[in-house]
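In what follows, a single structure is set out as C-alpha cells and then discussed.
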Amino acid sequence: MRKMRCYPHAYLLCTAFTFFSLLYVYSQLASTLEDRDERSGGGRISGSSSHDAGHTLRKRPGVLGLRDREWGQNSEKLSSATKEPKNDRSHLAVVACGARLEETLTMLKSAVLFSRKPVHIHIFAEDDLHYGFRNAMEMWPVAIRTRFTFNIYPIMFPEENASEWKKLFKPCASQRLFLPLILKQVDSLLYVDTDILFLRPVEDIWGLLSQFNVSQLAAMAPEHEEPRIGWYNRFARHPYYGKTGVNSGVMLMNMTRIREKFFKNDMTAVTLQWGEILKPLLQKYKLNITWGDQDLLNIIFHHNPESLYVFPCQWNYRPDHCIYGSNCQQAEEEGVFILHGNRGVYHNDKQPAFRAVYEAIKQYSFGEDMESSLLQPLEAALQATTHSYCGRSSHLFTKRLRESIRLV
C-alpha cells in the first residue's frame, strides 16, 4: 500500500518538472527570437550607441546637445530608409529652399551627364519643392535614370532652435551640418551647394576619399588663393582654418569618422562629438559670424586642422579665382573641374562666363550629341565674354569639359 501511495506523488512531481522545463524552453526561444530581431535592425536604428550623437548624448555639465526627441525619431526613420548600398556608388547631397528648383536640377543634370558610375542623390528640400524634383527627374530618359537613384527628404532641424538654424546665412543652408546625424547609415557623402556645376564625373572627386589619411574626415577647398583679397584673414571676427579659411560649397565627408570623432574646441576643455558641438558653437559665435554654417565649419577645423583634407581650387572654382585676374594655378594647368557660381552669377550679368556655362547645361536636351549641342554652343557663347576678367579665363571652363564629353 505504501508503494502504491508513492506513485501519485511521483506522477505529480514529474508533471511539475515537465511543465517548468517547457516554460524555460519557451522563454529561451522567445529571447532568442527577440535578440535576432534586434540584430537584424527590425526596421529601426538603435539609439543607444555611443556614436549616435543626434539621438542619445553623453551628459556633461554646461554642454547642450541635440536632445529633441522628435528630431531624433525623424532622423532615425530617414537613416533606416537610406541604408548604405554595398557597391561603389557615390553619394551626393544637396539642400534646396525657396526659388532654387531650376538651379538645383541643372546642378543634378551636370552630375549625371558626365558620371560613368552610379550616383545616389540625397535631396533635402522644402515640402513644396518635392513634387517638382520628383516629377522632373522621373521625366528624364531611361538611359539617364539608370545612372542614379534618389531620395527626397524634408528640411529637418532640432525643434528647440529650428528657426535659428533655418535662417542662418541663407535659408536652410545649415542643414548640411546635420547630415552626419540624419543619414546615420551613409558612410561617406559629397555635399554641394545648389549653384554648383560638375564639369567632370562625380566619381572623380569621390575618389579623393581614398587619399584621406587616418585623421582626415572632411575635404574642402581654400576660400581664397591670394591672401591680399582674402575675406577671413581681413575681416573675420572668429577663428578660421589656415591662412584664408575654407569654402564649404563643395564638401566631401567621411561621415562615419565625423560621427566617431571627439573635437577639440574653445568652449570647454572636454572634447565634444559632432552632435554636441553644434548648438554651443552657434550660441557662442552667432553674433560674430557672417557666412553662417561655413563660418562654424571654419571654427571647428581651426581647432582640429589635422582632420581636414584640403583639395585644390579647381574642385571649387568661383568668381574670386578670376574676377581680379586668374589666381587658381591648378585650373590654369588642368582646367576647371567643378564650377561654383556663388553670388548669384548664374542669374545676372556680372559674370557672363559663369552664366554661359549654366545656360548651356540647362538648355541641353538629354540624348542630343554633347559635342554639337553642348560644347560648341558654349564655346561660342564664351567668346562673347572676353571683355571680363573671367571671360578671358573661360578656356579653363571647357578644357576639362571637353575631356568629360569625350569619355562619355
Side-chain angles (χ1 to χ4, degrees), residues 99-100 102-111 113-114 192-201 204-205 220-231 234 244 247 249-250 291 311-365 368-408:
R100 296 281 181 168
E102 184 178 71
E103 182 176 90
T104 308
L105 285 170
T106 303
M107 179 277 291
L108 295 174
K109 187 178 184 180
S110 73
L113 264 180
F114 308 118
V192 296
D193 286 347
T194 61
D195 52 7
I196 291 296
L197 291 172
F198 289 90
L199 303 183
R200 65 182 293 179
D204 289 354
I205 187 170
M220 290 179 275
E223 174 68 15
H224 286 282
E225 300 299 307
E226 175 51 67
R228 288 177 296 177
I229 61 172
W231 193 92
R234 292 189 297 158
T244 61
N247 183 281
V250 179
W291 309 113
F311 50 64
C313 48
Q314 79 259 49
W315 290 107
N316 186 351
Y317 190 92
R318 286 159 280 123
D320 287 333
H321 291 120
C322 54
I323 194 172
Y324 304 113
S326 182
N327 60 57
C328 178
Q329 184 62 38
Q330 293 88 345
E332 289 281 349
E333 295 171 0
E334 301 175 290
V336 174
F337 296 165
I338 294 178
L339 198 67
H340 186 178
N342 63 344
R343 301 178 182 171
V345 294
Y346 294 152
H347 312 293
N348 58 45
D349 296 323
K350 293 181 179 179
Q351 296 300 330
F354 280 76
R355 184 171 185 174
V357 181
Y358 175 79
E359 290 295 330
I361 294 175
K362 185 181 76 171
Q363 294 173 15
Y364 169 78
S365 296
E368 293 182 349
D369 179 71
M370 284 197 280
E371 177 80 26
S372 59
S373 299
L374 174 57
L375 182 61
Q376 292 176 6
L378 173 58
E379 289 176 327
L382 289 173
Q383 287 297 316
T385 70
T386 54
H387 61 280
S388 66
Y389 276 117
C390 289
R392 294 170 196 165
S393 300
S394 62
H395 61 286
L396 305 179
F397 298 1
T398 55
K399 187 173 184 178
R400 182 64 205 194
L401 178 63
R402 183 180 293 105
E403 178 69 8
S404 296
I405 290 173
R406 185 188 67 80
L407 291 174
V408 172

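Nothing here was measured: the structure is a model prediction, and the numbers come from that model.
For Tyr364, the ring-ring contact (aromatic ring centres under 6.0 Å, His included) criterion is met by no residue, not counting sequence neighbours. Shown here are the salt bridge (Lys or Arg N to Asp or Glu O under 4.0 Å) partners of Asp195, two or more places apart in sequence or in another chain: there are none. For Glu371, there are no side chain to side chain donor-acceptor pair (under 3.5 Å) partners, not counting sequence neighbours. Shown here are the salt bridge (Lys or Arg N to Asp or Glu O under 4.0 Å) partners of Glu225, two or more places apart in sequence or in another chain: there are none. When the salt bridge (Lys or Arg N to Asp or Glu O under 4.0 Å) test is applied to Asp369, no partner is found at least two apart in sequence or on another chain. Among residues two or more places apart in sequence or in another chain, the side chain to side chain donor-acceptor pair (under 3.5 Å) test is passed with Asn327 by none. Evaluation of the salt bridge (Lys or Arg N to Asp or Glu O under 4.0 Å) rule for Glu102 yields Lys362 as partners, not counting sequence neighbours. With sequence neighbours excluded, no residue forms a side chain to side chain donor-acceptor pair (under 3.5 Å) with Gln376.
The shortest non-hydrogen separation linking Arg234 to Ile229 is NH2-O, 3.4 Å. Nearest heavy atoms, Gln314 versus Glu334: NE2-OE1, 2.8 Å. Smallest separation of non-hydrogen atoms from Leu396 and Ser326: CD1-OG, 4.4 Å. A pairwise comparison of heavy atoms in Ala356 and Leu378 identifies O-CD1, 3.5 Å as the closest pair. Taking both residues in full, the closest heavy atoms of Ala221 and Pro312 are given as CB-O, 4.1 Å, listed atom of the first, atom of the second, then distance. When every heavy atom of Thr244 is checked against every heavy atom of His224, the shortest pair comes out as OG1-O, 2.8 Å.
How far CD of Glu226 is from SG of Cys328: 13.0 Å, rounded to the nearest 0.5 Å. The OG1 atom of Thr398 sits 5.0 Å away from the CD atom of Glu379 when rounded to the nearest 0.5 Å. The CG atom of Leu105 sits 13.5 Å away from atom CD1 of Ile361, with the distance rounded to the nearest 0.5 Å. Remark: Glu368 CD to Ser373 OG distance equals 4.0 Å, nearest 0.5 Å.
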Item to complete: Starting from the C-alpha separation in whole Å, work towards a yes-or-no answer on side chain to side chain contact (heavy atoms under 4.5 Å, CB included) for Asn316 and Met220.
Response: CA-CA 8 Å; Asn316 186 351; Met220 290 179 275; over 6 Å; no

Could you walk me through whether Ile338 and Ile205 satisfy the side chain to side chain contact (heavy atoms under 4.5 Å, CB included) test, starting with their C-alpha distance in whole Å, then the side-chain angles of each, then the deciding distance to 0.1 Å, before giving a yes or no?
CA-CA 9 Å; Ile338 294 178; Ile205 187 170; 3.8 Å; yes

query: Could you walk me through whether Met107 and Ile196 pass the side chain to side chain contact (heavy atoms under 4.5 Å, CB included) check?
result: CA-CA 6 Å; Met107 179 277 291; Ile196 291 296; 4.0 Å; yes

**Request:** For Arg318 and Glu223, run side chain to side chain contact (heavy atoms under 4.5 Å, CB included): C-alpha distance rounded to whole Å, both residues' side-chain angles, the deciding distance at 0.1 Å, then the answer.
**Result:** CA-CA 9 Å; Arg318 286 159 280 123; Glu223 174 68 15; 4.0 Å; yes

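Judged purely by atom type and a 3.5 angstrom limit, Arg406 has no side-chain atom pairing as donor or acceptor with the backbone of Arg402. Between the side chain of Ser110 and the backbone N or O of Phe198 there is at least one donor-acceptor pair closer than 3.5 Å.
When side chains are defined from C-beta on, Gln330 does not count as touching Phe337, because their heavy atoms never get closer than 4.5 Å. With contacts defined as side-chain heavy-atom distances shorter than 4.5 Å, the pair Leu401/Val357 does not qualify. Proximity of Pro319 to Asn342: side-chain heavy atoms (C-beta onward) are separated by under 4.5 Å at one or more points. Looking at heavy atoms from C-beta onward, Trp315 lies in side-chain contact with Arg200 at the 4.5 angstrom threshold.
Sorted by first then second residue, the salt bridge (charged side-chain N to carboxylate O under 4.0 Å, His left out) pairs that include residues 339-352, not counting sequence neighbours, are Asp320-Arg343, Asp349-Arg355. Counting only residues at least two apart or on different chains, the disulfide bond (SG atoms under 2.5 Å apart) pairs with a member in residues 375-408 are Cys322-Cys390. Screening residues 386-397 for side-chain hydrogen bond (donor to acceptor under 3.5 Å, both in side chains), with sequence neighbours left out, gives no hits. Residue pairs satisfying the ring-ring contact (aromatic ring centres under 6.0 Å, His included) criterion with at least one member in residues 339-359, sequence neighbours excluded, are listed as follows: Tyr346-Tyr358, His347-Tyr358, Phe354-Phe397.
When only modelled atom types and interatomic distance are considered, Gln329 and Glu333 share a side-chain donor-acceptor pair under 3.5 Å.
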